[in-house]
Amino acid sequence: MRYISTRGQAPALNFEDVLLAGLATDGGLYVPENLPRFTQEEIASWAGLPYHELAFRVMRPFVTGSIPDADFKKILEETYGVFAHSSVAPLRQLNGNEWVLELFHGPTLAFKDFALQLLGRLLDYVLEKRGERVVIVGATSGDTGSAAIEGCKHCENVDIFILHPHNRVSEVQRRQMTTLFGENIHNIAIEGNFDDCQEMVKASFADQGFLKGTRLVAVNSINWARIMAQIVYYFHAALQLGGPARSVSFSVPTGNFGDIFAGYLARNMGLPINQLIVATNRNDILHRFMSGNQYVKETLHATLSPSMDIMVSSNFERLLFDLHGRNGAAIAGLMDSFKQGGGFSVDQERWTEARKLFDSLAVDDAQTCETIAEVYEQTGEVLDPHTAIGVRAARECRRSLDIPMVVLGTAHPVKFPDAVEKAGVGKALQLPAHLSDLFERDERCTVLPNDLKAVQAFVSQHGNRGKPL
Ligand SMILES: *Cc1c(COP(=O)(O)O)cnc(C)c1O
């Protein structure tokens, strides 16, 4: 399989190289040159497969030519073997034909484990083969950092540096990062905010001199492998609910359009999906596009669902590329006008095309808490605030009661106690067994000033399993 850039100028890459790439050299994002398509019979024949075997069938075409089948199978079995539930992604019924797909049974209790557990293993496999080492420098507002560290902690060939804003992530989130030790694990608390952290990561990709020739790898959702891993659970859910003979709808809490873009790909690969609902918090750039064809940056608001607090939605470019007939020059033009400070609208027919599949809703903090309380009353289930936004959007935007509606349950509620307590159901919260001693564990973390040079010096001092690069 070959991968091409959404801006049409960067060279095409194979899977291995796309795994190790950040943004394409033209500023675009990589997407498969040709999406695989499965027949209904083929999909139907996968019913009842264990998760890792389904994952093999769905993802195999994407890695062909880079990873032999037997190796890929082994990697997948290991990856999904670490999840704490034997179904890996169980469905829980909330209401008539309404379900939550629980994606929080991985080591860090959020859906990001599905992709980052795999990414760490894929990186180590490919690097071992090449005899190379890489450095990861990533920024996190909470969930990505712990999932990336958990995914890479056993990697022989990866050193990982995760920047989080000092004193601005929740205690559970911080401890999930800082209580993991290893000579290749480096937590850095920056005396600044999340944007400061992200800017440092971007600047480090732009000028990699401080790495002395070691390659820098991206772990945010611009990395294609993350999107790829998320396609699988759409198939998994649909197969449990009568698919592919019956179509299914999904409601997806999203900020960067990563998770929902995976659903869009699942549909284009042959899975009958009736409706995809974009569920956002008050940071609603995606909702403003879907409801009014305006893609315009606005100020950032801190919400009770911090993992979706974004101003710009990085993966949206991948959808725009398809909406524009995969014309890279058109996307480069749109992104340019966006960068100039404006926003943009797309041609009416393209927007109408998108609206055939997508609906959207923006949900504020008060409505989020209301939904947590409502669902608790109806079912005894405690939702995390992101999932609650998905449920709210599902209930308001649903087109048909006859078609099963699946809400992606993106995190375990213990990660976000503020929202759950505000909703009045905090007493029902409990840490899962494997994290029950989280608050007693030792922590390790380096606090650094909001200064790019200081961070880069730290990375080059410690980037080779704690020793200088
Ligand atoms: C990362 C995250 C999201 C948003 O994911 P996208 O890639 O923006 O779709 C939603 N919920 C939780 C809990 C997350 O950690």
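Every heavy atom of this structure was used, including side-chain atoms; hydrogens, water molecules and symmetry mates were not. One-based numbering, in listed order, for ligands and for the atoms of each.
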Show your reasoning for whether salt bridge (charged side-chain N to carboxylate O under 4.0 Å, His left out) applies to Arg92 and Glu98.
-> CA-CA 9 Å; Arg92 190 182 284 273; Glu98 184 190 65; over 6 Å; no
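- Near ligand 1, residues Phe111, Lys112, Asp143, Pro253, Thr254, Gly255, Asn256, Phe257, Gly258, Asp259, Ser307, Met308, His386, Thr410, Ala411 come within 4.0 angstrom through at least one heavy atom.
- Applying the salt bridge (Lys or Arg N to Asp or Glu O under 4.0 Å) definition to pairs two or more places apart or across chains, those involving residues 404-418 are Asp143-Lys415.
- Under the rule for a side chain to side chain contact (heavy atoms under 4.5 Å, CB included), the partners of Ala411 that lie at least two apart in sequence or sit in another chain are Ala110, Asp384, Phe416.
- In this structure, Arg444 satisfies the cation-pi test against Phe181, with its NZ or CZ atom closer than 6.0 Å to the six-membered ring centre and inside 45 degrees of the ring normal.
- Under the ring-ring contact (aromatic ring centres under 6.0 Å, His included) criterion, Phe104 pairs with His412, not counting sequence neighbours.
- Using a 3.5 Å distance cut-off with no hydrogens or angles, the side chains of Asn315 and Arg318 do pair a donor with an acceptor.
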